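Here the structure comes first, spelled out in C-alpha cells, and everything after it is commentary.
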Amino acid sequence: MASASSTQIVMTNVWKLRLISMVSGLKRAPKIPTVILGILLAFGLFGQWLAPHDPISIDLAKSFTPPVWHEGGSASNILGTDKLGRDILSRVIIGSRVSLALSLTIIALGGGAGVILGLISGYSGRKVDSLIQRGVEVILAMPTILVALVFVFTVGRSFESVMFILSPFLAARFTRIVRGETLSIRERDFVAVAKVIGTPSWMILLRHILPNVFNTVIVLATLEVGHLILLEASLSFLGVGVPPPHPAWGLMVAGGREFISSAYWIALFPGLAILFAVLSINLFGDWLRDTLDPRRRQL
Amino acid sequence: MLSYIGLRILQALLGLWFIATLVFILSRSIGDPAEIFTARHGHVHAREMMEERLGLDKPLYHQYGIYVGQLLRGDLGKSVRNGIPITKILMERLPATFTLGLFALGFAIAFSIPLGVLGAVYRDSPIDWFAKVMAFLGQAMPPFWLGIMLIILFAVVWDIVPPAGKTGWTSYILPGFTLGWGVMAGMVRLVRSSMLDVLDSDYVTMARAKGVGEIVVVSKHALRNALIPVITYSGLVLGAFMNGSVVVEQVFAWPGIGTVAVQSVVSRDFPIVQGVVIVFGAFFIFINLFVDILYAVIDPRIKYTGQ
Amino acid sequence: MTEMSTTKDRPILLDVKDLKTYFFQRRGVLKAVDGVNFTVRAGESVGLVGESGSGKSMTCLSIMRLVPKPAARIVEGQILFNGQDLLSIDESDMREYRGSKIAMVMQDPQTSMNPVFTVGNQVEEPIKLHLKERGAQAMQRVLDALRAVRIPSPEDRVKQYPHQFSGGMRQRVVAAMGLATSPELLVADEPTTSLDVTIQAQFLGLIRDIQKEHGTSVIWVTHDLGIVAQMCDRVNVMYAGRIVESAEVQKIYKDPQHPYTKALLDSVPVMGARRPRLYQIDGQPPDLRSIPTGCSFWPRCPAAMDICKTEYPPATHLGGDDFVHCWLAEK
Amino acid sequence: MAVSEPLLEVEGLVKHFPGPSNLLQQSSVLVKAVDGVSFTVDEGTTFALVGESGCGKTTVAKNVLLLERPTAGVIKFRGKDINRLNRRDLKEYKHTVQAVFQDPYSSLNPRMQVKDIIGEPLRVHEGMRGRRLQTRVAELLDNVGLNPVTGSFFPHQFSGGQRQRIAIARALALQPKLIVLDEPVSGLDVSIRAQILNLLVDLQEEFGLSYLLISHDLAIVEHMSHRVGVMYVGKMVELSEKEDMYSDAVHPYTKALLASVPRPNPDIAMGLTISGEVASPINPPTGCRFHPRCPIYQDSPECRDVQPEWDQVAPLHWSACHKVKP
C-alpha cells in the first residue's frame, strides 16, 4: 500500500511534468509563425534599440529614397524612405508597438469582460441570459468601423478612445463563445455531482466551469489578436487611429497611397508587416486550437 | 413554420429598435450635434435653425419620441450641411454599394464552396494546400493595402483596369476582388471543416454502404448538410463584409454609402452617419433573419424546435 | 432454434481469411483487426461478440470496404463472397455489392439517416441504384419495403423526415433500406444498442422473421451475450483484434473452450441464475497500439502458462467449423 | 427506537416540466415526466427503479438529489421533507446522500487531478486540507481498488472502469448513508461491469450503504437490488421484493419487459414481445398509460379512461392494473 507521502512525491513530479509537457508542446508549434511572432514581440518591446534610425526624424534631403536593391537606394535606408525622408524600416519596427499594445490591451479588457459576461450568461440562464444575449446581438449588428469612426472623430484621436470603442465589440464576441461553452459544460455530470455535494455556485463557476472554458478562451484570444491588428490598421488608414507622429502601420499605408505610381515602397512594406504579423498569429492560433481545443474547428 | 418566421421577424424588429435607440443614445452622448456643427461654421442663426430642426430645444425623451416617429415614417432626417433628406442621399448611393457587395459575394461563394469541398475530399492534396493558402492570405491581408497593391499592379503598371471610381463593369473587378477575398477566406475554411465533419458521419457511411457513388455521396448527402453551418455563419460574415466595404470604397473612391459615411464623419454631418449606421444595422439584422429562414428550409429539423 | 443444425451443411457465402485492418497514426500502428478468420454460410446468423476495441465493428467495415480513410487501411487478407475476393475488385465493382448483395445496419439510428432528406428518398436510393427502377414502380418497392419492416401507414411516412420517427422506427427504416434489394448478407453492427428493451425485442423478432422468409445471412455484431444466444447459429468471440473462439451457439454456451469466453459468460448477471457474485476479469483490455506478445489475453487469464506469454496459440480445430486459439486446447 | 423507519420515503412525487416554449407564449403542453410515484428505501438495502427511456426514473433520482424540485409530493429523508430543510439540515443531507452517474467521462472534471476530485466533498463539508486530506484520499482510492499513487493523475489517464471507481470513491468520501446510482455500469464494457458491480456490492456490505439504483437492465437490477419498482411513462406500475418481481410479476408491462430480455442461453427462447412504441410523457395515453400496448387490454373502457389504483396483490407486492386484482 502506498502511503500518503508517496502521493506527495508524485505530486511534485506532476508539476514538473506539466511544465515539461508545456515546453515540449511549444516545440511542436509551427516554426516559421512562432519565429515571426518572436520577432514581432522583440520589435514591440525593444524597438527603439533595434531600429536603425529615429522613426520620426525628418530629413527632407533623403525623401523618397528607394529600397536598397533599386538604383539610387542607400544601404542606410534598406527599405527606403518616405516623403519626409523618414526611414521605412525603422517606422515599420516601431509601428509594431501601436498594433501590439492596442490589440493586447483590448484583448485583456474586452476579452476579460466577455469571459465574465459569458460565464454569467451561460450559467445563470433565463432572464439575465436573454438580456445579455440581446445586447450581444445588437453590438454584433453594428458596423464596427463606422461606429469607431464616428466615436473617435468626435472624442478625439487617442490610444484610449480606440481602445474604448473597440473593447465592447470584442467583449461581445467573447461573450457569445464563452456562453455557448458554459451552457454545454453546465450540463456535464461533474457539475451535477458538485451540486449534489453542495459545492457553492461561485466555486462551481471557478473550479469546474472556468478551467474548462479556458482553452477556448486562449485560442479565441490568439485568433482575435490578428483580427484586432487588422481593425486597428483599418482605422489608422481611415485617419482615426492612434495619432501621429507615432508611426502606425495603417497610417503609413495611407501615407503612401498618394505616391503609389512613383514610390510604391512606402505603402508596400507596412502592409507586408501587417500581413506577416496577422498571418503568423493566425497560424499559431490555428495550431493552438488543434492541440488545445480540437472540437472548435469553426472558430 | 409560419409562427416560427413570425417569431423571427418580431425578434428582428426588436433588434432594430435596440439599434436605433443605441444610435440615439450614442449621438446624444457624444455631444450636442448642433454645437459640434456650429462650432465649426459659427453662425448663431444656423444654430437656432438646427436646434429647431432636430428638436434639440426639447427634453430628451421628447427628442427620442420625435426621432422614433421619424424613423417609423422612414424619415432619417436631413443633412445638416445642405438640407438634403438623408433617405435621398442614401438611396442614390445604395445601389453602388449593393452591386459591389453582390459582386464580391458572388466571387466569394463561387470560389469558396468548390475550394472548401475539394479541400475536404482530397485532404492534404495540392488543391487542399491551395485552398489553405488562399484562406490564410485572405484573412491576414489588410483590405486597404491589398486594394492599393492591386491598383499599383493592374491599373498603374499594367493598366488593364481603371484604378478607381465606378465607370464600367471593369471597375468592379478590383474592389470586388479586394472585398471578396476576405469573405472567401472565412468561408473556405468553414466549408472545409464542416465538410470534414459531415464526411465522417454515420449517414455518409450508410450512403456508401447502399452503393451510392462517391460523387453523389459528396454532392447530395454531404454538401447539403455541410452547408447548414456555413449558412448560419454567413450572417456573421456580413459584419466583416460591411466593415470591409467602408474601407474598400474609400480606397477605390467608390460612390457608395461607405464613402458618404466617411465624408460625413469628416465634415461632421452626423445625421448622415447616423442614417448609415441604422441602414447597415437593419441590413445586418434582416440578412440574419433571411438566413434563419433559409436555414429552416434547408434543415427540416428546425421547423419543429421553433414551435 | 431447431433449424439450426441444418445451416452447417449449407454452402459458404462469406469467407474471411486472415483479415488485417490497421490504423496508421502518428503515435504508432493500431492493429484494430489483426488476422481474423471466419465464415458465414448461406442463411446462417453469425455473431461477432466482443468488448469495445475488440475490432468487431472494424471487421464489418472491412467487409464493406468502408474503413475510414486515410487513417485506416486493410493491409492483408481475403474476403471471399461467393468465391469472389472483394478486396481484389476495383471500387466501382465493389459498389455493385454494397447495398445490393451486402447490406448494413449501423449502431445509432439517430445518426445513420441523413437528416435533410425524406425517408422515402433514402429508402428509394438503393432501389434506384441496384434494381434500376424508377417512378411509381420504385415507390411501390419503397412502400413494400417499409411494410416488410412493419412501419404503419407507409404512404404517409415516406414524405416525412427522419427526425419525425422514433428510434425504433428509424432502425427499422434503416433495415428496410438494406433489405429492399433482397441482399444475401446483412451486416448488423450493434443495431439494438440504443433501443429500449421492448423495442429491441421487436427489432430482433423482425429480423428473424425476414431471415426465415428470405434466407438472408446475418452477421450480428454485439457485446450482448443474450442477443447472440437468441439470434445466432454460430458465435465468434473477438479479443484484441482476433477471433479467439468460434463455435456453434449451443456449444459455446454449454462448453466454452477459451478462458476469455468462459470468463465473459460468467461475468454477466443472468436473470434467474441468482449468482451470488459475478466472476471478475481483472485488468483492462489491452491497448491496441501495444498488444502483449504471445496470447493477447494472457495478462488477464487465470490459466496463463509460460508459453502463453511468448507465442500466439494456433487454431485448434474442434470439428465442423469450430476452432479455438488457446494453448490449453492444444494438449 | 421503534421498528426501523425507512431511510428515504418518496410519496406521490410529481414532476412536470413546461414543454418547449418560445418568446411569444409559455408552452401549454406539459411534460409529465413523473406523475405520482411512491416508494421507500430501507437502510442498508438497494431499491431499484427500472423502466425504459422516458419513464421518469432519472427524474426521480434528480429530485432525490435536489437537482430538481418536485411539482407535488414529498420526499422525506429520515422523516424530514428534504425540500423544507433549514440550512444546517440541508448541509447534513448533502453530506449523507451522494451520487454516481452513468457516464464516467462526463462525471469527472477533466481539468482536476483525481485527488482534488475526490477531495472536493471533504473540502466543502469538512474543510479538510493538506496532509489529512491526502491521507483520506489515499484511503478512499484504496477502498475502490485504485493505487493511491494515481491521486495526482488527471481523469484522461484512466479507462472507463477506473473512472467509475474514482466517481465511487468521491461518493464514499463523506461516509454517506445513501448513494443514488444512475445507470452506474451502462457505459462500461462487459468485463468491466462485473468489477464495478462486485465493488458496489462489497462496499454496501462494508459500509452499510443504501442504494437507489436507476437502471434499464433487468439482469443487473436482479443481481443488485432487494426491492424493485417498475416504471412506465411517469407512473409506477409494479413494486415488490426482488424475488417476487422476477418469479411472480403480475403487471402485463412487467411481464412484457421480463420477456423481452434476451437470455444468454440458447435454450430459453425470448417470450412474447409487445407491439407499439413507448408512449411520450408529453401527451401520455388516458387511463392506464400502458393500455395502447397492453396484451390483455381488450378494449376495456376502464383501462382506457380510468387511471388504475395501487392494489396490494401479495404481501409487500403492489401493482396498478385494472385487469389484475388481488
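So you know, we letter chains A, B, ... as the sequences are listed, proteins then strands, and number each from 1. A quick note: this is a predicted structure, and the numbers were derived from the prediction, not measured.
Using cut-offs of 30° and 60° on the angle between ring planes, the pair C:Tyr161 and C:His163 is parallel.
With respect to chain B, the highest number of heavy-atom pairs below 4.5 Å among C:Leu66, C:Leu61, C:Asp108, C:Val105 belongs to C:Leu66. With respect to chain C, the highest number of heavy-atom pairs below 4.5 Å among B:Glu214, B:Lys220, B:Arg123 belongs to B:Lys220. Interface summary for chain C: among B:Ala209, B:Ala222, B:Ala207, B:Gly213, the most heavy-atom pairs under 4.5 angstrom belong to B:Ala209. Per-residue counts of heavy-atom pairs under 4.5 Å with chain B were compared for C:Val187, C:Asn114, C:Thr118, C:Thr111; the largest is that of C:Asn114.
Here the shortest heavy-atom pairing between B:Gly211 and C:His130 reads CA-NE2, 4.0 Å. Of all the heavy atoms in C:Gly55 and C:Val33, the pair that sits closest is O-CG2, 3.7 Å. Closest approach of C:Val221 to C:Pro191, counting heavy atoms only: O-CD, 4.3 Å. Taking all atoms of both residues into account, the shortest heavy-atom contact from B:Ile109 to B:Met187 is CG1-CE, 4.0 Å. Here the shortest heavy-atom pairing between C:Pro109 and C:Arg170 reads O-CD, 3.1 Å. In terms of heavy-atom proximity, B:Gly180 sits nearest to B:Ala108 at O-CB, 3.8 Å.
Contacts of C:Pro183 with chain B are absent, with no heavy-atom separation under 4.5 Å from either backbone or side chain. Neither the backbone nor the side chain of B:Ser201 comes within less than 4.5 Å of any heavy atom in chain C. Looking at C:Met113, only its backbone comes within 4.5 Å of chain B, counting heavy atoms on both sides. If you measure heavy-atom distances from C:Ile102 to chain B, the contacts under 4.5 Å come from the backbone alone.
Proximity to chain B among residues 121-129 of chain C is limited to C:Asn121, C:Gln122, C:Glu125, C:Pro126, C:Leu129, judged by heavy-atom separations below 4.5 angstrom. For residues 80-98 of chain C, a heavy-atom distance under 4.5 Å to chain B picks out C:Arg95, C:Arg98, given by residue number.
Geometric assessment of B:Arg224 against the ring of C:Phe117 yields a positive cation-pi assignment under the 6.0 Å and 45° thresholds. Relative to the ring axis of B:Phe136, B:Arg189 places its NZ or CZ within 45° and under 6.0 Å from the centre.
Remark: the backbone N or O of C:Arg150 is paired with a side-chain donor or acceptor of C:Arg172 at under 3.5 angstrom.
C:Gln171 and C:Thr192 form no side-chain donor-acceptor contact under 3.5 Å, judged by distance and modelled atom types alone. Between the side chains of C:Ser194 and C:Gln110, not a single donor N or O lies within less than 3.5 Å of an accepting N or O.
Heavy-atom neighbours of B:Tyr172 OH from other residues, nucleotides or ligands within 6.0 Å: above the threshold of 12.
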